Structure formats: C-alpha cells, structure tokens
Number of protein chains: 2
Amino acid sequence: MGRLISDTVEDYLKMIFDLSAETDRVSTGMIADALNVSPASVTDMIQRLATEDPPLLDYIKHQGVALTDEGIKIALEIIRHHRLIELFLHEVLGYSWDQVHAEADRLEHVISEDFEERVAAVLGDPLRGLHGKPIPTASLEMPDQNTSYLLDMRPEQHGVIHSVNDDDPDFLRYLEAQGLVPGAKFSIVDFSPYDNNLRLRLSGQDQEIVLGMGVTTQVQVEVLDFES
Amino acid sequence: MGRLISDTVEDYLKMIFDLSAETDRVSTGMIADALNVSPASVTDMIQRLATEDPPLLDYIKHQGVALTDEGIKIALEIIRHHRLIELFLHEVLGYSWDQVHAEADRLEHVISEDFEERVAAVLGDPLRGLHGKPIPTASLEMPDQNTSYLLDMRPEQHGVIHSVNDDDPDFLRYLEAQGLVPGAKFSIVDFSPYDNNLRLRLSGQDQEIVLGMGVTTQVQVEVLDFES
DNA sequence: TTATAATTTTAGACTATTCTAAATTCCTGT
DNA sequence: ACAGGAATTTAGAATAGTCTAAAATTATAA
C-alpha cells in the first residue's frame, strides 16, 4: 500500500488499462500517441515500471506491455476516482457532461480515500459513471458489462446506448444534441459496407441519423433481443 | 495570466504570505522550517522566483524576501481556493473542522476557476472560512479584519474568538473540546506575567480555562468594548 | 572590536520526467 | 531470404526540485 506513485505514473497506468481493452499487449507507440509524449519517453517509463518492486507492468522488449495485477489495482483506483468525481461534479456542482472530464483528470490524483468514500456515499454508491462506464467498486472489482461497439451492429438489430468516450467535449455535445446518451434505445435501419456508415432510429423519434466510424467506434451498446 | 506556476511554487508563495503577517521581510530559515525543506533549497527557489518575469518576490541577499504584487495575487488565489475548499468539504461532504486542512492542501492546486466559482456559489459566497479566517474575494482582495492575538489580551477585557490556525488537527480538536471556536465570547479573568498564561471564562460557561502561549499565539480575537 | 556563533549562500550532486537524434530490431513484400 | 521502412530502444541532454557539505556573510557578545 505505502508505495509512492506519481501523477505521471498513474496517468500511464490508467491509459495502458484503457488501451488494453483493444489489444492484449499495448505498444510503445500507442501509449506515446495517447499520452502525447515521445516514444522514447514511453520506453523509459515502461522499463522503470516493469522493474519496480512489485512490478506494475509486464514488459517484453519490442512487444509492448501488459499490466500486472498490481498495476491493474492502481489503474482501477484512479478510474474509480475519475468516474466518481465526474458524477459528483455533475450532480453537486452542476457541471455539464462535456465539462467534467478535464477537471476530473486533475482531481483524480489528489483526493484521499476518505474523499472517495464520502463522495460515493453522497452519490448513493453509483455503479455507472456520467457517460455510462462502470465504476470499479470500493474493493476494486470492475463489473462486467456485456457490451459491444455500435460499429458492429447491423440492420434489424435493436439496442440501447451503454456508454460513450468522455474525453472530447465537442464530441460529447454533438452526441447529446443527437440524443445519443446512455439509456437511449434505437434500431438499426441500414448499413453501408463501403464507408461503414450506420443509419439508425432512436425510439420515440421519427428522424433517422447516419453515423460514421468516427462515432460508432466511440459508442458502446447493449444489444437487445427485441424492440422495446 | 498564462504563467505556469507549479504546486511547489504555489506552496512557497502561500507560506511566504502567511509568514509576512509576522515580519516585513521573511528569512530563508523561516521558510525552510515552515516548508520542511533545507535552507539551501529555499535559497535556490527564492532566487528563481525573484528573477521570474514578472518577479514574484523581492529578494535582498541575506535579508530575506517580500512578495511582489504579482506574488501576492497568486498567494491570494491559492488561499481563496484553500478556504473555499475547506468550507465545502465541511458543508457538503461532512468533514470535521480538523480533517479539512490536509485535503484542501492538495486540492487547492488543481481546481479550475470554474470549480472555484461553482463552490463559492453553492456556499453562498462566504466571507470567512471554517476556522474564521477571511476568504479573499473573487477579485483577490483580502478583507481587513481588525483582530489581535489572544496573547495580547489582559484581565477585564472581553472579546470574541475570530479565527484559529487550521493546520494541526490535534490542536483543532482540543480547541473544539474547550469551546474555543470562532464566534465564542469570553472575558479575561487573570494574566500571569511569568509564563504568559491567560485565565478566561467563556460566556455561558461557569468553568474557567487557563491557556498558555502554545494556544494564545494561535488564536486571533476581536476585542469587544463591553461584555455582551 | 574581534572571535565565535548563527545564518545564508554556493557548489556539486541526485531523481523524475521529458526531449532529440542515432542506433537497433522487427516486419513485410517481393 | 533479404532490403527497406516502421517501430522501438539507447544515448545524451535539459529542467524542476531536492539534498549535503563547504564557503561566505552577518550578528552577538565579551
């Protein structure tokens, strides 16, 4: 417990956790892009984290990294902070859903366990964040969510928006304007295989909307068995 | 405005502001003691801050430093953050008055202007902090408070507790147990010139309490013209 | 007023994080 | 199977902040 983890290290671990959703091993280049630092800096850092005691990363030269259990624990702690803070900023201080991310990115590193607990209590121990993502539990379990990407849905299928990426305020305002918020139900009307565009209709709305990969890769859904 | 001020620099400026209440020029040694760093580190830092553009400190070798107007502005910004956050933690999250300081010391550096404004609004733009100290206004004016130290009061005088130092949780719990909280009225009963002990009675209480310099130097009061 | 003590400053070094540029390794396509 | 290009790693350096030990300055006090 008593390890001294810098904000920078926390950012690396959190980002590697996110990127691990895509690939088994996360490459130096992916991390560098995501964190806006040079690949050389990433190599330095991951080598350091892999030789910590206990190691936070499992690193194989030229093959990228995977988080160790220890690394996962730290990442989940920060992700829990982040999502609780986002919800708190919205519920208690009236932030809009596109404003919360930047503030949470700074606060997540400095709050105490006590702060975390009190915020969770005020919010009623929420299971999901403002953008739909699950919040790791106090004992750092990440609930399974049986979701898929909107990208992979096809005509005739029905679904409900589960969660969206929270890091781009413009994108979030766009989604909200379209009604693409967690909980919104929809049916797929058409799919265009050449550009991967999806045409869908939100339940309760007449108009159809067409979404390209810039959107469909950023939105996670639950597929429903029938229209409801 | 767009200067990049590190947390460390903010801590130096805040501390120098506090110490400036005592002396005109603040010495290297005082800062080193207060921040728990070596005198050599302080010399390095104050030389740097005095040669910033614009300078944050006015520094004369071997004679200590004073804040420039620019330095004062930054210090007041952080002090405003600190005191708003302390109040917020108490009012909204139920922290006790001895718990708030450590948390505020970390949060004060990372909150945005937006956060500051929203918290101030939720709290109703308070003028005084949890421990009685004035809160700098949004435009960074520090309200005058016409107070003196409890230390300097003498028998027959009456007063009201204005504010107390917030940085020692044990001390704060002790004060609370004694009823020595901002707003409490009292009369001085006796003064012992050899040990500087003061005997006083809180209004509404029969029992008298004796306080030494360890307490009376840490408590600020408003002197009242008559008992009320 | 001069020696001694206290304080402050300088010098040199360490850690964390970052960078650029050069070297190395891996992968892919012919 | 190997040449070229892409990705990664190494090497060397910068900055912010800290330290200890030594040198310099100021203050004290006989």
Side-chain angles (χ1 to χ4, degrees), chain A residues 2-16 19-20 22-66 71 74 78 105-106 108-110, chain B residues 2-16 19-20 22-53 55-66 71 74-75 78 105-106 108-110:
Chain A
R3 236 184 309 53
L4 0 21
I5 304 287
S6 72
D7 293 3
T8 308
V9 169
E10 289 180 349
D11 281 336
Y12 271 86
L13 295 175
K14 185 173 61 137
M15 190 56 83
I16 293 166
L19 296 172
S20 298
E22 312 290 315
T23 23
D24 211 36
R25 296 200 87 82
V26 180
S27 74
T28 302
M30 286 172 73
I31 300 169
D33 283 353
L35 292 177
N36 254 298
V37 295
S38 71
S41 301
V42 173
T43 300
D44 273 3
M45 180 60 92
I46 64 186
Q47 286 177 345
R48 216 185 89 208
L49 298 182
T51 54
E52 291 269 292
D53 178 32
L56 271 15
L57 294 178
D58 174 25
Y59 167 60
I60 307 176
K61 230 181 239 192
H62 291 104
Q63 287 177 234
V65 295
I74 296 167
I78 300 300
D105 252 357
R106 282 174 282 112
E108 66 189 8
H109 302 294
V110 306
Chain B
R3 235 184 308 55
L4 1 20
I5 305 287
S6 71
D7 293 3
T8 309
V9 169
E10 289 179 349
D11 282 336
Y12 270 87
L13 295 175
K14 185 174 62 139
M15 191 54 84
I16 292 167
L19 296 172
S20 297
E22 311 291 315
T23 23
D24 212 36
R25 295 201 87 82
V26 181
S27 73
T28 302
M30 286 172 75
I31 300 169
D33 282 355
L35 293 177
N36 256 298
V37 295
S38 72
S41 300
V42 173
T43 300
D44 274 3
M45 179 61 91
I46 64 186
Q47 286 177 345
R48 216 185 89 206
L49 297 183
T51 53
E52 291 270 293
D53 177 33
L56 273 14
L57 294 177
D58 173 26
Y59 167 59
I60 307 177
K61 228 181 239 190
H62 291 105
Q63 286 178 235
V65 294
I74 296 167
I78 300 299
D105 253 358
R106 282 174 281 112
E108 65 189 8
H109 302 294
V110 305

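Everything numeric here is computed off the predicted structure, so don't read it as measured data. Protein chains get the first letters and strands the later ones, always in sequence-line order, with residue 1 at the start of each.
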Quiz item: In the 5'-to-3' direction, what one-character label does each nucleotide of nucleotides 2-10 of chain C receive under the scheme B = base within less than 4.0 Å of a protein heavy atom, S = sugar-phosphate only, - = no such atom?
Solution: ------SBB
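- In this structure, B/E10 places its CD atom 15 Å from C1' of D/dA16, rounding to the nearest Å.
- Phosphate proximity of D/dC19 to B/S41: present, with a side-chain N or O under 4.0 Å from OP1 or OP2.
- Rounded to an integer number of Å, the gap from CE of A/M45 to P of C/dC19 is 11 Å.
- Per the geometry, CG belonging to A/L4 stands 14 Å off P belonging to C/dT15, to the nearest Å.
- When the P atom of D/dT18 is taken as reference, atom CG of B/L49 falls 11 Å away, rounded to whole Å.
- OP1 or OP2 of D/dC19 lies within a sub-4.0 Å distance of a side-chain N or O belonging to B/S38.
- Distance check: A/Y59 OH to A/M45 CE gives 13.5 Å after rounding to the nearest 0.5 Å.
- B/I31 CD1 to B/L19 CG: the interatomic distance, rounded to the nearest 0.5 Å, is 6.5 Å.
- The structure places OG1 of B/T43 at 8.5 Å from NE2 of B/H62, a figure rounded to the nearest 0.5 Å.
- We find that B/D7 and B/K14 are not joined by a salt bridge, their nearest charged nitrogen and carboxylate oxygen being 4.0 Å or further apart.
- The phosphate of C/dT18 has OP1 or OP2 within less than 4.0 Å of a side-chain N or O from A/Y12.
- To the nearest 0.5 Å, atoms CD1 (A/I16) and OG (A/S27) are separated by 10.5 Å.
- A search for side-chain contact (heavy atoms from CB on, under 4.5 Å) contacts involving B/V110 returns A/R106, A/L107, A/V110, not counting sequence neighbours.
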